[in-house]
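The next block holds one structure in the form of structure tokens; read it before the comments.
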Amino acid sequence: MTTAQPHTPDDVSRAIEATLFASEQPLTADQIALHLGLGESGGDGVRATLAELERDYEPRGIRLVQRGGRWHFETAPDLAHLLRREKEELRRLSRAATEVLAIVAYHEPVSRAEIEAIRGVQTAKGTLDVLLEAGWVRVAGRREVPGRPVIYATTPAFLDHFGLASRRELPGIDELRAAGLLDPVDEDMIGAGLGAPRSGNEKPGFLAIEDDPD
Amino acid sequence: MTTAQPHTPDDVSRAIEATLFASEQPLTADQIALHLGLGESGGDGVRATLAELERDYEPRGIRLVQRGGRWHFETAPDLAHLLRREKEELRRLSRAATEVLAIVAYHEPVSRAEIEAIRGVQTAKGTLDVLLEAGWVRVAGRREVPGRPVIYATTPAFLDHFGLASRRELPGIDELRAAGLLDPVDEDMIGAGLGAPRSGNEKPGFLAIEDDPD
Amino acid sequence: MATLFDDEWEVEDRTGARDDKLYLEIEGWEGPLDLLLDLARRQKVDLRVISILQLVDAYLTYIEEAEALRLELAADYLVMAAWLAYLKSALLLPRDEAEDPSPEEMALRLQLRLQRLGAMREAAARLMARDRLGRDVFLRGAPEGLRIERKSSWRCEWLDLVRAYGDVRMRSEPVVHMVRERMVMTLDSAISRVSSMLGVAIDWMDLRDFLPPAHDGWADPRLRRSALASSFVAALELARTGRAEIVQEETFGPVRLRAPKP
């Protein structure tokens, strides 16, 4: 296998490498520049060096990756079988939780009513709580419509966990968007009678039939 | 600087790299071999690869090192200073610290008991520490009275900071009032005798303090 | 209800063959839309070209069978069945132009909803199958950590310094309290004034008429207020000891006094 010739590490590159290696959290290029005392303008130089380092590590068992603008080292994914720790296996999310997570990620920001409109069922409060607790979903404010429903979005930890540089890397997001499947859930698009029980405080017009006299 | 050509990472090398990276403890070659399922005889191969990896990382900001037969990654020793960085913050002196500083400046040398007597309130130890740390106040010995209290005085750095040639340039109370620099106070509240700052070493007679036995 | 952590969950499993009895367990679906999507998937055609009529038939058949087996069907499944039956008839019957939305549009919306849900379900599966941190890829096991030691550099202005000193000095000066002497009408003098005036009064008299006239050094409003307060207390005192009668006909109305009728 031939690989690109790794560049000879210079001082800045070595310092960036060491900083990221030692850090307990992922760091942005600007944070690295600040830490290294490169000043406000140092971010760009750091970014260029990070790109070089990323290439250097490409063939190795350790990777330098960027998630939501923050960089960290992690093991190469193809070595998962060697490293997987049975004991620490993540608790599996329920089907409902994974669906809600996907809906939040692909549609963010979304309200609970919108999530329920897509899934056609009420979402147990616990389901969102699990995602909030996992640190993958956060409350992103309220939508300025009647009832001011809380809206949800994903977090940097979500990108970290699923190995996404940004939400643009969500699998198939471009196709889904092109097919109009990520359009805002429009009340008019959804006929009555699709039977999702209405959720508590938000009152979307398109969910319930029983209280929609026609 | 020319460096040895890094060897192209092969599967074993990548696996060792990732294993050591993810491990919470340093590992021996035999432990690594076991972990990677290379069997009893794998240790030698692992040792050879570790030596190669060690060379690969030589010029980088990260080192592969062996201590007592156990291997681990660490930050290159010449970059250790990056792990502990000092950050300077400009902070405004608290109200209490400003008062204490002023009292030291006008009355030096003074003991803490005297400072408290003048301020009429107890002075937290931290307040004097801040002034010592700022380099504006120094310990100027002990007063030869029972209890031998520590006495404080200002430093040349204090004069520098405030642009004073000497302490004599500090304005007296009357001057301050004449210049309108004192907060207006109800005349009824103030008796006569707001004189110039009390100078010199006399010990005020009205001590009511915690840590200076008299 | 679905549990939050469901170990046997697998997305692909739902489309696999199941034994009929199991298949009829309505509990297995998260609501009618979920069931519809499953039925749609069984037709093994793209959701975009699926026949809604066929799908409606499949759903209605399913619900009928379930009812025949006396499974308890949740209301929302039946509501959906009713709505689908209505949709079916609307699609089959001659078209009523006035109808809005048209049955075709309703069918299209249903199809879109199924596509949306199908897309999210697939996206969830793809997301879960990614190389996940802590499962497939790992962070450094024992990072040294970056420590930032904050060192303070202190700031204080000359003006702050001298002002602080001024404040300290003023605060620590011995405080002398002086109460300014103020002219008042004492209660004693009010009692003697009111009782002597009552002695000569013929009828009810307003309390305010007992006050000294506004000249003679009684013009100061603060003194008049004191006189009014003292006279009022005097009136109460005299009434209490039976030397006066006191009356006020309405709230905030005039307080009037007279000597008690023997």
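Letters A, B, ... mirror the listed sequences (proteins, then strands); counts begin at 1.
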| request: Count the heavy-atom pairs under 4.5 Å between each of Leu82(B), Leu20(B), Leu83(B), Thr75(B) and chain A, then report the option with the highest count. | output: Leu82(B)

| Proximity breakdown for Leu79(A) and chain B, heavy-atom pairs closer than 4.5 Å | side chain

| task | Please work out whether the ring planes of Phe73(B) and Phe21(A) are parallel, tilted or perpendicular, with thresholds of 30° and 60°. | result | perpendicular

| request: Check the side chains of Glu17(B) and Tyr57(B) for a donor-acceptor pair under 3.5 angstrom, ignoring hydrogens and angles. | output: yes

| query | Are any of the side-chain nitrogens in Arg67(A) or Glu74(A) under 4.0 Å away from the carboxylate oxygens of its partner? | reply | yes

| For chain A, which of Asp78(B), Ile16(B), Thr19(B) has the most heavy-atom pairs under 4.5 Å? | Asp78(B)

| message | Using a strict threshold of under 4.0 Å (side-chain N to carboxylate O), is an ion pair present between Asp160(A) and Arg70(A)? | response | yes

| message | Only pairs of heavy atoms separated by less than 4.5 Å count here; which of Gly61(B), Ala80(B), Gly37(B) has the most with chain A? | response | Gly61(B)

